[in-house]
Number of protein chains: 2
Amino acid sequence: MTPDLSSLDALPTPALLLDESRMMQNIGRLAERAERLGVSLRPHVKTAKSVEAARRLMGGVPSPITVSTLAEAEVFYDAGHRDILYAVGIAPQKLERVQALRARGCDLVVILDGEAQAQAVVQSDVPALIEIDSDGHRGGLRPDDPALIQIGRILINGGCLRGVMTHAGESYTVRGATAHADFAELERKAAVSAAEALHDAGLPCPVVSVGSTPTAHAARDLTGVTELRAGVYMFFDLVMAGIEVCAVDIIALSVLTTVIGHQPAKGWTIIDAGWMALSRDRGTAAQDVDQGYGMVCDENGRVLLDLIVCSANQEHGMVSLRSGVDGPMPDLPVGSRLRILPNHACATAAQHDHYNVLPQDGGPMQTWPRFGGW
Amino acid sequence: MTPDLSSLDALPTPALLLDESRMMQNIGRLAERAERLGVSLRPHVKTAKSVEAARRLMGGVPSPITVSTLAEAEVFYDAGHRDILYAVGIAPQKLERVQALRARGCDLVVILDGEAQAQAVVQSDVPALIEIDSDGHRGGLRPDDPALIQIGRILINGGCLRGVMTHAGESYTVRGATAHADFAELERKAAVSAAEALHDAGLPCPVVSVGSTPTAHAARDLTGVTELRAGVYMFFDLVMAGIEVCAVDIIALSVLTTVIGHQPAKGWTIIDAGWMALSRDRGTAAQDVDQGYGMVCDENGRVLLDLIVCSANQEHGMVSLRSGVDGPMPDLPVGSRLRILPNHACATAAQHDHYNVLPQDGGPMQTWPRFGGW
């Protein structure tokens with residue numbers, strides 16, 4: 001059914017909109033892929049930070065999840081999720097909070113890539129994955145680093161070795177399924193060869209975890225991998241569209257905004273969505289098509305291809321024609337409504353404390369809280 | 001007194017720190033300037049969004065304020081502020097909320113630069129300032145635009161004309177007191193000549209409001225101006241330091257963070273403050289010295305001049321030597337604490353729901369809530 005768009009009229013702007021029907025298509029697409037590839041899926045909930053959204057990942061059953069903060073671990077545990085990976089290198093100071101959540105029955109697992117961290121988690125009796133660097137993007141050990149075995153030994157002696165994980169964040173910088181499949185193979189090879197190195201040293205490695213949204217959607221073969229992670233795919237965004245992971249018309253997130261002025265000499269229509277509502281993320285700036293602070297749609301979500309949010313102040317966005325497009329600007333009087341598609345769903349959603357949800361069953365708009373903090 | 005820094009040890013990271021003593025110096029500096037220039041001060045509370053911080057603007061007396069959202073107007077009215085300027089072009093749909101707050105006793109004034117807006121505010125009996133464009137930065141009418149008088153007539157006939165206002169946002173793009181004084185004079189001339197044009201047409205213009213943090217700190221003469229606005233000056237940040245409005249060591253805001261890993265081959269120390277804690281704002285990117293995602297200080301706030309946050313993911317920051325600096329990275333083991341100075345205080349503060357305040361009287365750390373939304 002078509003969502004009831006009449007309720008948009010009463011919504012104060014700027015406001016974060018979530019199209020549930022698109023989100024469910026995105027969730028279904030990756031769930032099918034994971035099943036076909038023979039791996040379990042551990043979605044990253046750092047994009048949504050919403051209990052309601054996470055509930056829809058596996059048809060109402062609290063699924064295994066990945067989190068980026070201990071606050072997420074705590075909120076999602078309270079919402080029924082029991083199997084949680086905290087996928088940011090652990091600081092020893094945070095282990096007390098990890099232990100507290102584990103003591104309540106949460107199978108919370110941390111990641112690390114250093115010996116001091118390994119000694120600290122063993123002292124706290126917290127299970128860990130060793131982070132593997134598959135593409136030079138961030139943290140992690142190369143699979144042939146001798147430290148891998150040393151850390152594996154520290155962990156196994158304390159009963160804390162769960163396995164290995166990697167994330168090819170550099171896959172965001174290349175375009176197209178072939179390039180993403182190459183990065184998926186980098187992830188697989190790095191994680192599987194690290195697991196094999198551990199095995200060869202007599203250290204069991206039950207979990208081999210890989211993933212990023214681009215690689216998860218392009219991987220051809222995940223032999224040796226046990227689980228797949230991805231986050232932004234639930235909503236998608238212009239960065240993902242720009243590297244051809246999704247089409248623009250499946251992006252589930254947008255910001256509803258109202259026209260508040262014009263500067264005709266500059267060709268600007270001014271809207272009440274500035275960077276506070278859209279975020280400062282300019283993730284498409286380095287892509288082939290720079291989408292400024294976002295693509296412009298009409299109130300019903302139809303893309304207005306000639307327009308772009310060309311700049312943003314705190315509570316002002318400037319809408320103009322894209323460079324190269326001949327005018328005139330469409331007539332958008334003060335009070336008109338538009339929707340802006342985000343560069344980066346994680347960043348834009350983080351600027352808001354709730355989603356205004358257009359339900360897939362076509363009923364009235366719903367409000368789903370989201371949370372932040374650490 | 002020196003703040004009690006021992007309480008920092010117990011703070012989970014990342015965490016937003018506010019040095020009250022520095023904030024009070026910044027508040028005092030501009031209050032003195034405004035007094036010397038013979039204008040009243042209407043601080044912009046969009047940076048702080050904190051009732052506790054706003055209470056310190058005028059020694060505990062709720063001061064006249066500028067706001068960027070109606071949510072701010074409502075929260076600060078409930079905290080005792082009665083004289084509030086909503087300095088974002090009004091959308092007709094928002095007038096009902098403005099009226100509701102006015103009906104409760106708030107002297108809430110809006111801004112506009114179009115005839116349709118003027119007609120809407122007259123119908124709602126809401127007073128308004130006409131926005132004047134002094135530097136081509138955003139909205140507003142040029143002072144010689146005939147629409148100024150037409151809008152003035154619509155407003156005066158409805159009893160809604162309060163005056164004019166302008167904001168030289170382009171002053172952020174130039175460096176040094178002389179350049180900022182030139183922009184201050186642009187603001188003054190534009191606002192005063194608009195007020196004179198209204199006077200000449202028989203339209204009284206009691207309020208002549210100007211300001212931005214750079215121009216407010218550099219203006220030499222404000223003849224004809226009645227009030228001065230500025231916001232980020234309460235905290236200051238690296239953008240303001242980069243254009244020489246403040247020194248780095250008076251920036252009141254920072255993000256406390258913990259080292260969570262290393263990537264020696266890349267020269268990275270990885271911290272738990274990514275863009276979620278620091279914001280995506282890269283306001284220093286176009287300045288002479290690009291500060292990356294922020295300058296690095298030790299736990300006590302001493303600047304480590306050789307270091308910079310060179311890149312950021314959602315919950316990871318990468319600290320490295322500045323380009324051109326030789327030499328080994330300092331030894332910062334996992335678990336070490338650092339502080340990061342923000343590019344843009346408004347954006348960084350907006351990523352957090354409270355301030356951890358180091359009080360100027362040296363007592364224990366305080367928590368001041370901050371709010372967001374619209």
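FYI, side chains are in, hydrogens and waters are out, and symmetry mates aren't considered; it's all heavy atoms of this structure. Only a predicted model underlies this, so the values are computations on that prediction, with no experimental measurement involved.
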Option that, when pairs with chain B are counted at under 4.5 Å, heavy atom only, ranks first among [options]:
options	answer
A:Pro14, A:Ala347, A:Ala265	A:Pro14
A:Gly114, A:Gly283, A:Cys346, A:Gly373	A:Cys346
A:Gly274, A:Gly261, A:Gly89	A:Gly89

Sort [X] into side chain, backbone, both or neither according to what part of it lies under 4.5 angstrom from a heavy atom of chain B.
X	answer
A:Arg97	side chain
A:Asp113	side chain
A:Pro333	neither
A:Glu131	neither
A:Asp9	neither
A:Arg142	neither
A:Thr258	side chain
A:Glu315	both
A:Ile270	side chain
A:Ala116	neither
A:Ser311	neither
A:Ala120	neither
A:Lys94	side chain

Less than 4.5 Å apart, side chain to side chain, heavy atoms only: is that true for [X] and [Y]?
X	Y	answer
A:Trp368	A:His354	no
A:Gln123	A:Leu95	no
B:Asn313	A:His137	yes
A:Ile340	A:Ile271	yes
B:Lys49	B:Val75	no
B:Trp275	B:Gln314	yes

Are the side chain of [X] and the backbone of [Y] linked by a donor-acceptor contact shorter than 3.5 Å?
X	Y	value
B:Arg339	B:Glu299	yes
B:Tyr355	B:Ala48	yes
A:Asp133	A:Asp135	yes
A:Ser124	A:Val126	no
B:Asn356	B:Thr367	no
B:Gln117	A:Ile260	yes

Ring pair (Phe, Tyr, Trp, His ring centres under 6.0 Å) against A:His352, all qualifying residues, sequence neighbours excluded: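 Expected list: B:Trp374.
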
Contact origin within B:Ala277 toward chain A - heavy atom pairs under 4.5 Å: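 Answer is both: backbone and side chain atoms of B:Ala277 are under 4.5 Å from chain A.
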
Best-contacting candidate, B:Arg282, B:Met318, B:Met276, against chain A by heavy atom pairs under 4.5 angstrom: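 The answer is B:Met276.
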
Most chain A-contacting option - heavy-atom pairs closer than 4.5 Å, from B:Asp353, B:Leu112, B:Thr13: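 Most heavy-atom pairs within the cutoff with chain A belong to B:Thr13.
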
Pairing residues for A:Ala190 by the side-chain contact (heavy atoms from CB on, under 4.5 Å) criterion, not counting sequence neighbours: A:Ile132, A:Ser134, A:Pro143

Residues of residues 165-173 of chain A within contact distance of chain B, non-hydrogen under 4.5 Å: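 Residues qualifying by a heavy atom under 4.5 Å from chain B are absent, so none.
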
Of all pairs that satisfy side-chain hydrogen bond (donor to acceptor under 3.5 Å, both in side chains), the ones with a partner from residues 260-270 of chain A, not counting sequence neighbours: none

